[in-house]
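Values below: every heavy atom of this structure, side chains too, minus hydrogens, waters and symmetry copies.
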Amino acid sequence: MLTRAPLDVASLIAARRPGYTLAAPFYRSKEIFDLDLDVIFARHWIFVGVEPDVPEPGDVMKIDIGLNSILIVRDDDNEVRAFHNVCRHRGARIVTEEHSTVGKLVCPYHQWTYELTGDLVHATHMGDDFDAKCHGLKPVHLRSVSGLLYVCLAAEPPADFDSFAAEMEPRLAPFDLRNAKVVKELDLIEEGNWKLTMENNRECYHCAGNHPELGLSFNKYAVGFVPDADDLEGQAEAAAYAADVERQVQAWEANGFISRPFEELTGRPTGFRTERIVLGGEGESQTMDTKIACKKLMGAITERKLGGLHLWTQPNMWAHFMSDHAVTFTALPLDAEHTLVKTRWLVHKDAVEGVDYDVDHLASVWIATNDQDASLVKLAQCGTRSQAYEPGPYSPLTEGLVDAFATWYVERLSAHMGK
Ligand code: 3BY
Ligand code: FES
Ligand code: FE
């Protein structure tokens, strides 16, 4: 009988060449996928959504992270909580719909009933000795950073989340995300490993050749794109962009909008990067006409031309916050070769559809861009299946941030395996 030797993951990690893509098994093997679910997705802070996903008491959002199903619930005191979506009776899934509104959480199997605080309040036929107090829903660590929701499935979540939150809260405050509303949500299944989804997002080397719609407003020089030394046109463009940034960042900061870059993508569990990007064209928003798509601006903002505050967090999110709307992305691994990308578009909660905004105008750039990215991720995944695939070099000029992602990932696996 033919048996396959178990993968030597430690040797694969040790063999990773800095500056190069990962070896094929990191994108394909079930064993490494399971390791990713455990080491990355069950021990780090995972971006799951936004407070406006559960705007009212009783609103529930279900989100699956690998084999763990999580409920995000707004309780009657307006507190947002997270629980495992696992009944304490015989373990059934309590909620199966992605979005619902309930008075209490009732398990469909034998109707055990839980308060929105997770307490078990009703369970029939369990005898006199049964202690309901010991059978509440299991809580999951949840943090909200100005309305951005992160969960951690570990017993002891990484403590460096505090410094991430402290850095981002003043930057995000003007958008008042807690008082925004989700006006469109889109799920896209990419045919690739979650790390290829993330790597693709961390560079704009591919933008010029693939993203005509995004390219109208998104300047590739904003995210680490450095032209070749002999590319005189590129050098001039990069210099013009840098001068524009210098001028606009000064003006934004003078008005209280923190804009300077901050980057600690590696060397910590909760790696992240942020900066306020100068947008192209009219410079207002990531739309087809580069103007705002929502007349009622976010929070109390009055300046349309606020660029795009971008945020990336390891391992699974990216987002852009503009004067008129925000767009957030959540990558969730489905299996070794499939990844769910959830996109949400948010505007001020008092904005009126058809009066202040039109969803097509708001969402068309990223709908097109997501499709283009999904095709690219699929092509990259296909390549990793070939016998000819070997780790290839990241561009030192334009893919430093992709390398930072791969380096962070290898660091996290090494830290875990070294324990
Ligand atoms: O969403 C981002 O962060 C951008 C858009 C294009 C590629 N990526 C760097
Ligand atoms: Fe939930 Fe029985 S499994 S009530
Ligand atoms: Fe892209």
Side-chain angles (χ1 to χ4, degrees), residues 47 49-56 144-149 167-186 213-219 222 244-245 247-262 274-312 317-329 343-369:
F47 178 66
V50 289
E51 284 195 39
D53 282 316
V54 286
E56 300 293 334
S144 172
V145 179
S146 302
L148 300 177
L149 296 175
E167 183 65 42
M168 286 314 297
E169 266 161 3
R171 293 175 187 252
L172 290 167
F175 299 98
D176 193 12
L177 279 181
R178 291 190 172 99
N179 284 308
K181 62 177 174 182
V182 179
V183 293
K184 187 173 175 68
E185 187 180 331
L186 192 74
E213 299 85 359
L214 184 69
L216 299 168
S217 59
F218 195 96
N219 195 309
D244 219 5
V245 169
R247 199 165 27 85
Q248 292 202 40
V249 163
Q250 263 186 31
W252 289 327
E253 293 245 343
N255 287 330
F257 297 100
I258 307 170
S259 304
R260 56 185 177 270
F262 183 97
T274 184
E275 74 171 299
R276 192 180 305 275
I277 291 169
V278 172
L279 298 177
E282 300 291 328
E284 293 181 1
S285 199
Q286 290 174 356
T287 53
M288 293 291 199
D289 60 5
T290 67
K291 293 186 185 162
I292 53 167
C294 183
K295 283 192 220 132
K296 182 149 188 63
L297 302 183
M298 302 284 283
I301 292 171
T302 53
E303 168 63 57
R304 290 175 169 206
K305 211 174 157 182
L306 255 196
L309 176 69
H310 107 126
L311 170 64
W312 294 349
M317 86 88 83
W318 64 98
H320 301 276
F321 305 88
M322 288 146 287
S323 62
D324 66 323
H325 79 277
V327 55
T328 70
F329 304 82
T343 308
R344 292 169 172 86
W345 287 263
L346 295 112
V347 299
H348 194 294
K349 74 171 184 339
D350 298 334
V352 179
E353 185 170 7
V355 177
D356 295 309
Y357 66 93
D358 168 73
V359 174
D360 286 342
H361 184 204
L362 188 74
S364 49
V365 164
W366 272 105
I367 288 175
T369 306

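In this structure, Asp350 CG and Lys296 NZ are separated by 5.5 Å, a value rounded to the nearest 0.5 Å. Between Ser285 atom OG and Arg304 atom CZ the span is 10.5 Å, to the nearest 0.5 Å. With rounding to the nearest 0.5 Å, the separation of CG in Asn179 from CE in Met298 is 10.0 Å. Within the model, atoms NE2 of His325 and NE2 of His348 stand 15.5 Å from one another, a figure rounded to the nearest 0.5 Å. The distance from atom CZ of Phe47 to atom CH2 of Trp318, rounded to the nearest 0.5 Å, is 11.0 Å. Atom CD of residue Glu253 and atom CD1 of residue Ile258 lie 7.0 Å apart, to the nearest 0.5 angstrom.
Heavy-atom minimum distance, Val365 versus Met288: CG2-N, 3.5 Å. Here the shortest heavy-atom pairing between Pro52 and Arg178 reads CG-O, 4.4 Å. The two atoms that bring Ile292 and Ser323 nearest to each other are CG2-OG, 3.5 Å, heavy atoms only. Of all heavy-atom pairs between Ala222 and Ile277, the closest is CB-CG2, 3.5 Å. Shortest non-hydrogen contact noted between Leu149 and Ser144 is CD2-CB, 3.8 Å. When all heavy atoms of Val278 and Asp244 are compared, the pair lying nearest together is CG1-OD2, 3.8 Å.
Of the possible donor and acceptor atoms, one in the side chain of Asp324 sits under 3.5 Å from a partner among the backbone N and O of Ala293. Side-chain N or O atoms of Lys305 include none that pairs as donor or acceptor with a backbone N or O of Gln248 at under 3.5 Å.
Ring centroids of His320 and Phe218 are separated by less than 6.0 Å, placing the two rings close together.
Between Leu148 and Leu172 there is a side-chain heavy-atom pair separated by less than 4.5 Å. Side-chain contact between Leu362 and Lys184 is absent, with no heavy-atom pair separated by less than 4.5 Å. Residues Val249 and Arg276 form no side-chain contact, since every pair of their non-hydrogen atoms from C-beta on lies 4.5 Å or further apart. Residues Arg171 and Phe262 are in side-chain contact: their nearest non-hydrogen atoms beyond the backbone lie under 4.5 Å apart. Between Ile367 and Trp345 the shortest side-chain heavy-atom distance falls below 4.5 Å. Counting only heavy atoms from C-beta outward, the side chains of Leu311 and Met317 approach each other to under 4.5 Å. A heavy-atom distance below 4.5 Å is not found between the side chains of Glu303 and Asn255. Two residues are said to be in side-chain contact when any heavy atoms from C-beta on lie closer than 4.5 Å; Gln286 and Val327 meet this criterion.
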Let me see the working for Leu306 and Met322 under side-chain contact (heavy atoms from CB on, under 4.5 Å), right down to the final yes or no. CA-CA 6 Å; Leu306 255 196; Met322 288 146 287; over 6 Å; no
Taking it one step at a time, do Trp252 and Leu309 satisfy side-chain contact (heavy atoms from CB on, under 4.5 Å)? CA-CA 11 Å; Trp252 289 327; Leu309 176 69; over 6 Å; no
Report the C-alpha distance between Phe175 and Leu346 in whole Å, list the side-chain angles of each, state the deciding distance to 0.1 Å, and finish with yes or no for side-chain contact (heavy atoms from CB on, under 4.5 Å). CA-CA 10 Å; Phe175 299 98; Leu346 295 112; over 6 Å; no
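Of the charged side-chain nitrogens involved, none lies within less than 4.0 Å of a carboxylate oxygen, so that Lys291 and Glu282 do not count as a salt-bridged pair.
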